[in-house]
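Just below is one structure, and these are the notes that go with it.
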Amino acid sequence: MKLTERIRYVGLNDRQTVLFENQWPIPEGVSYNSYLVVDEKVALIDTAAAAFGDAYLENIRREIGDRPVDYLIVNHMEPDHSALQARIRAQYPDVTIVTNAKAVPMIAGFQGITENIRVIKEGENLPLGETSLQFFMAPMVHWPETMVTWCAEEQTLFSGDAFGTFKAVNNNVIDSESNDYESYKEEMTRYYASIVGKYGATVQNALKKLSGLPIKRICSTHGPVWERDIPQVVALYDRLSRYDADPGVVIAYGSMYGNTAKAARALADALESAKIPYALHDLCSENVSYALRDVFRYETLVLGAPTYNNGIFPPVRQLMEAVCDRLVKNRRFFAFGSFTWAGASVRLLNEMAKSAGMELIGDGISFQHAYSPDKCDFGDLLHNLYYVK
Ligand code: FEO
């Protein structure tokens, strides 16, 4: 597929995989994007996932016929983009792999390739003819070897996972009515929170490094090619990587016999009445990534967990660990939950929140046995949310 006369899309949609990284549901699929720059030399930028080798090679042949691929640019070694390197080498035996020093042992380790690898440095240029490629390191966006590739003549940034998103692409891959930012925003946020969320500081570094480039087109490894919607997409990544959030509350809970769930719904009803934006997540019936997405969206996190084995009910502990692991900043926190003979979950959640630098909005509410509104009164919490009059 032609993006320009010189830049071609040779990626694929994956609508079969249930869990991305075997962790994150992708009900709307995902795309593995790969690109050709066709000039006197032909450069292929990243590859795709292992299951799609035949279709991928056919996409390349459709664009360049019998011409060989001269360079395989390796921006990122996670196997959703690197799994077909050995097949590319088998198909095009003279192809030179172009990458940075950190990727070299990964290429050997994952693909068994050690020959004909050109190691480039920060800012180095690779001439292709009328066009050239320039390389900038972007470590930890999302692995240590990650780099991005800039084609100045086409004003195109091949950004790796940065600016990527879950959700397969429709028809023409360029952002358009069928691939617009608004229809990807939720899944882009969930992708960021799940995959890249820990690396806010390094995403900020990369954004600063790339801010001077006159970018007309962003070709990431997942989701649409961004042209029209670049300002919104860059603004979202900037905001997410600064851990900025909107006024609002994420209530996420787990419940064994329905008592903590009743408390969670009572709080949701109260927020609804007060017209406070909120999201309610039952962590026992949905993947943690949906609540995690909303942790990146709203500034207040309220967790409901019964005490279980003198600890935090495991589905809620999983979310709290995911939040702490992602170094989420600037959040306020409140915990509640039921217990039968000894309460521990609220205290332990509060300790985790304090260690993570969150601001506690109160001591939390730990209630014994069945839920009732008098045992679990959210009045103080509602009062303390600054946007409640
Ligand atoms: Fe899409 Fe970090 O790989």
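The structure displayed is predicted, hence computed values, not measured ones. Indexing begins at 1, ligand by ligand and atom by atom, following the structure's order. What you see below is based on every heavy atom in this structure, not just the backbone, and it leaves out hydrogens, waters and symmetry mates.
- At distances below 3.5 Å, at least one donor-acceptor pair connects side-chain atoms of D39 with backbone N or O atoms of E130.
- Looking only at N/O/S atoms, H142 comes nearest to atom 2 (Fe) of ligand 1 through ND1.
- For atom 1 (Fe) of ligand 1, the N/O/S atoms of H76 include none lying under 2.8 Å.
- Atom 2 (Fe) of ligand 1 has an N, O or S atom of E78 closer than 2.8 Å.
- T300 is not listed as a side-chain neighbour of V250, based on a closest heavy-atom distance of 4.5 Å or more.
- Residue D161 approaches atom 2 (Fe) of ligand 1 most closely through its N/O/S atom OD2.
- Judged by distance alone, the side chain of D229 and the main-chain N or O of Y181 form a donor-acceptor pair under 3.5 Å.
- The name of the N, O or S atom in D80 nearest to atom 1 (Fe) of ligand 1 is OD2.
- In this structure the side chain of Y308 reaches within 4.5 angstrom of the side chain of M256, judged on heavy atoms.
- Here the angle centred on atom 1 (Fe) of ligand 1, running from NE2 of H222 over to NE2 of H81, is 90°, rounded to 10°.
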- request: Apply the test salt bridge (charged side-chain N to carboxylate O under 4.0 Å, His left out) to residues D244 and K329: give CA-CA distance (whole Å), side-chain angles for both, the deciding distance (0.1 Å), then the verdict.
  value: CA-CA 8 Å; D244 281 359; K329 297 172 186 30; over 6 Å; no
